[in-house]
Visitor: 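I'd like to ask some things about the structure below.
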Amino acid sequence: MADDVRVNILGISQDGGFPQAGCNAKCCEIVKDVPALRKHPVSLGITGTDGSRHLIEVTRDLAWQLNLWNNVDFSEGKALSSAFITHAHLGHIDGLGLFGKEVMNVKRLNLNCSKILEKLIFNTPRWNLLVKSGNITVNPFQNNVAFFPSKNCGFKIKPIKIPHRAELSDMHAFLIQGPKKNLLFLPDHDSWDETLTHVKKNTIREWFKSEKIDIALIDGTFWSSTELVGRDISKIPHPTVVESLELLGHKNESSFDLKFIHLNHTNPLLDDKSVELKKVNTMGWDIAKEGESFII
Ligand SMILES: [Zn+2]
Ligand SMILES: [Zn+2]
Ligand SMILES: [Zn+2]
């Protein structure tokens with residue numbers, strides 16, 4: 001609808017997707033015969049008040065995700081106005097090549113990312129070719145400076161730098177500021193301790209209140225620290241959902257809405273009959289669903 005800003009959920013899974021390559025365990029067994037249960041790497045599609053379209057994260061499942069976006073929020077085939085990338089880990093950026101000659105051949109798409117990620121794009125021949133061929137124009141943003149992604153889109157995006165293992169680039173969460181609501185997109189971070197210290201706040205609620213957050217989509221990669229068999233979880237740090245629930249407590253009347261995203265294939269929250277999901281729901285929170293949308 002005109003005059004609304006809509007945020008559509010185009011993916012809720014961790015970088016590897018669901019099922020994950022090489023996983024022959026029980027977690028991915030159920031998806032093999034039921035393709036409808038598949039999940040795609042985290043991504044959002046934002047439709048501005050003028051119908052302009054803005055993509056958050058550029059994943060390899062872009063074809064499926066753009067189709068989903070058209071199904072839930074048809075916009076007469078409008079081309080993308082801009083794209084945003086949080087950081088350089090695989091599932092957040094691996095669809096970038098789809099903008100090039102071999103596939104979409106887009107024209108000067110505004111790609112918004114940090115200065116460090118811009119440098120990585122220029123230094124990666126495959127991605128630099130997109131710049132040279134005029135497929136993308138990279139616009140580096142500044143930490144904590146909100147801006148309109150296009151002239152009449154009706155919403156701003158404020159990048160917020162977040163501590164997250166930075167082998168390739170730094171990481172920014174995005175605060176999407178609509179005319180009615182603010183939505184936080186925080187798919188990855190190392191720990192609540194480091195994140196809260198970095199934004200100079202003591203608690204999650206204090207932080208969310210200071211940014212006037214109405215809807216929070218946050219890192220729910222792992223349910224608990226015992227989940228990954230045969231991998232050292234300290235090398236892939238994320239606050240577990242169990243920890244986040246402890247810090248959050250129950251939802252109360254004045255509270256924001258909160259949904260977990262970026263779920264690893266091993267996360268029991270992917271099973272809608274699990275006791276874990278029941279616990280999350282009982283506390284007043286939820287996981288995001290692909291195809292769901294919010295008016296902000
Ligand atoms: Zn990730
Ligand atoms: Zn699996
Ligand atoms: Zn990451």
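Counting starts at 1 for both ligands and their atoms, in listed order.
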Visitor: Which residues pass the side chain to side chain contact (heavy atoms under 4.5 Å, CB included) test with Lys180, sequence neighbours left out?
Guide: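 Testing Lys180 for side chain to side chain contact (heavy atoms under 4.5 Å, CB included), a comparison that skips the adjacent residues, returns Asp4, Ile295.
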
Visitor: Looking at the Zn ion (ligand 2), which N/O/S atom of His265 is the nearest one?
Guide: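 The nearest such atom is ND1.
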
Visitor: Angle at the Zn ion (ligand 1): provide the value between OD1 of Asp15 and OD2 of Asp188, rounding to 10 degrees.
Guide: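 Vertex the Zn ion (ligand 1), arms to OD1 of Asp15 and OD2 of Asp188: 140°.
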
Visitor: If you stand at the Zn ion (ligand 2) and look out to SG of Cys23 and SG of Cys27, what angle do those two lines make, to 10°?
Guide: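 Between SG of Cys23 and SG of Cys27, at the Zn ion (ligand 2), the angle is about 100°.
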
Visitor: Are any N, O or S atoms from His92 nearer to the Zn ion (ligand 3) than 2.8 Å?
Guide: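 Checking His92: none of its N, O or S atoms is under 2.8 Å.
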
Visitor: Using 0.5 Å steps for rounding, measure from the CG atom of Leu217 to the CD1 atom of Ile176.
Guide: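 Spacing of CG (Leu217) from CD1 (Ile176) equals 7.5 Å.
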
Visitor: Measuring from Asn267:CG to Phe260:CZ, what's the distance to the nearest 0.5 Å?
Guide: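 Reported value, rounded in 0.5 Å steps: 9.5 Å.
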
Visitor: Search all heavy atoms of Ser293 against all heavy atoms of Asn8 and return the closest pair with its distance.
Guide: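 Taking every non-hydrogen atom into account, CB-OD1, 3.0 Å.
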
Visitor: Between CD1 of Ile287 and CG of Asp272, what distance do you get to the nearest 0.5 Å?
Guide: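 Ile287 CD1 to Asp272 CG: 8.0 Å, rounded to 0.5 Å.
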
Visitor: Specify which N/O/S atom of His87 comes nearest to the Zn ion (ligand 3), by atom name.
Guide: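 It is NE2 of His87.
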
Visitor: Which single N/O/S atom of His89 lies at minimum distance from the Zn ion (ligand 3)?
Guide: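 In His89, the N, O or S atom with the shortest distance to the Zn ion (ligand 3) is ND1.
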
